[in-house]
Asker: 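Would you mind keeping the following structure in view while I ask a few things?
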Amino acid sequence: MHVVPKTTTSGPGLRERKKQATRRALAEAAVRLAAEHGVENVTVEAISEAAGVSPRTFFNYFPSHDDAFVLVDDEVGERIRESVRRAPAERPPLDVVRDALVAELDGFEARQELWALQSKVLQRSPHLIHRGLKAHVAEEKALAVAISEWLDATRGGTDGPSGTAVFPRLLAAVTQTALRVAVEHWCDHPGETVLAEVFQDVFAQLAQGLPRPSA
């Protein structure tokens with residue numbers, strides 16, 4: 001994933017980057033341990049030790065033991081929403097959300113193994129699927145609000161409260177579905193595809209109105 005140089009003032013500061021790195025380390029340790037031993041056999045202490053932090057530190061990043069297995073790269077969502085809010089007014093909405101996600105997907109090939117492991121962990125632990133779904137819905141609603149805020153800013157904010165219109169909610173839902181389809185295809189074909197390219201192909205088909213494939 002792209003790392004903002006220290007000389008750039010618009011990115012997160014050193015303290016925030018360290019916090020993000022610790023959160024990622026905990027999530028990765030949780031997923032890897034669960035893939036090897038099963039979620040029910042992985043303790044907070046084991047996750048913390050593998051990540052090189054204390055169990056007390058674990059709860060500074062995750063409300064519960066189970067959250068560590070489903071919230072990988074959680075900080076990405078806010079960067080995507082901020083990119084949407086700052087998009088030029090004249091851009092097509094579909095392009096705005098596509099470009100916001102593509103900017104974050106660049107370089108994700110290094111994390112393909114981890115995402116595939118996380119998928120297996122969730123499949124083996126049905127109780128985590130519900131937790132993951134709740135996180136997915138929360139991200140979708142937050143993206144809808146960001147889309148609505150961008151639309152309101154470009155038309156004077158005359159169409160009601162942010163996030164309540166049908167269009168932002170539909171676009172956010174379509175975006176999340178497109179991302180899920182792209183990630184699943186990418187994980188099913190390790191080494192054969194680039195996630196950002198798969199995602200852009202999915203969005204190109206959406207932009208065309210999902211015509212019948214020629215082959």
Side-chain angles (χ1 to χ4, degrees), residues 1-5 8-24 26-27 60-63 67-68 70-108 111 114-115 118 131-184 186 195-204 206-207:
M1 184 167 295
H2 177 68
V3 177
V4 178
T8 301
T9 59
S10 60
L14 178 60
R15 182 178 180 182
E16 185 61 27
R17 292 199 300 273
K18 286 183 175 180
K19 289 173 62 178
Q20 292 173 0
T22 299
R23 184 182 181 87
R24 285 194 296 269
L26 284 165
N60 290 334
Y61 293 90
F62 299 102
D67 285 316
V70 298
L71 298 177
V72 178
D73 293 319
D74 188 55
E75 73 274 4
V76 168
E78 180 51 39
R79 291 201 297 269
I80 290 172
R81 293 189 289 273
E82 186 60 24
S83 178
V84 168
R85 296 185 193 104
R86 294 182 177 181
E90 68 276 6
R91 298 221 64 202
L94 201 63
D95 290 354
V96 167
V97 293
R98 180 202 62 204
D99 292 350
L101 268 80
V102 167
E104 293 295 335
L105 298 179
D106 183 35
F108 256 48
R111 301 183 65 78
L114 181 62
W115 279 32
Q118 185 195 33
R131 189 176 295 269
L133 180 60
K134 288 179 64 177
H136 173 86
V137 170
E139 282 291 313
E140 183 179 304
K141 288 182 177 179
L143 179 58
V145 170
I147 293 169
S148 185
E149 289 172 346
W150 171 68
L151 290 172
D152 287 350
T154 63
R155 64 193 177 201
T158 59
D159 288 346
S162 295
T164 60
V166 171
F167 180 83
R169 295 171 64 183
L170 176 60
L171 180 54
V174 167
T175 300
Q176 291 282 30
T177 299
L179 178 60
R180 177 177 58 80
V181 170
V183 169
E184 289 175 353
W186 174 64
L195 179 55
E197 293 178 0
V198 176
F199 181 73
Q200 290 187 79
D201 179 62
V202 171
F203 255 65
L206 288 173

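Predicted, not measured: the structure shown is a model, and the values here were computed from it. For the single chain, residues carry numbers from 1 onward in sequence order.
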Asker: Write down the atom of P168, the atom of A144, and the distance for their closest heavy-atom approach.
Answerer: CB-O, 3.4 Å
Asker: Minimum heavy-atom separation for Q200 and V102, please, with both atom names.
Answerer: CG-CG2, 3.5 Å
Asker: Could you tell me if the side chain of E139 sits less than 4.5 Å from the side chain of L143, heavy atoms only?
Answerer: no
Asker: Using 4.0 Å as the upper bound for N to carboxylate O, is an ion pair formed by R79 and E82?
Answerer: no
Asker: Who passes salt bridge (Lys or Arg N to Asp or Glu O under 4.0 Å) against E197, sequence neighbours left out?
Answerer: none
Asker: Heavy atoms only: give me the nearest L151-T154 pair and the separation to one decimal.
Answerer: O-OG1, 2.8 Å
Asker: Quick one: does any side-chain atom of R23 pair with a main-chain N or O of Y61 as donor and acceptor, under 3.5 Å?
Answerer: yes
Asker: How far apart are the closest heavy atoms of I80 and E104, and which atoms are they?
Answerer: CG1-CG, 3.7 Å
Asker: Please name the pair of heavy atoms, one in A178 and one in L206, separated by the smallest distance, quoted to 0.1 Å.
Answerer: CB-CD1, 4.1 Å
Asker: I need the minimum non-hydrogen distance between T175 and L171, along with the two atoms involved.
Answerer: OG1-O, 2.7 Å
Asker: For the side chain of W186 and the backbone of V198, is there at least one donor-acceptor N/O pair under 3.5 Å apart?
Answerer: no
Asker: Looking at residues at least two apart in the chain, or sitting in another chain, which of them share a salt bridge (Lys or Arg N to Asp or Glu O under 4.0 Å) with R180?
Answerer: E184
Asker: Taking the side chain as every heavy atom from C-beta outward, state whether D99 and R91 have any pair of such atoms under 4.5 Å apart.
Answerer: yes
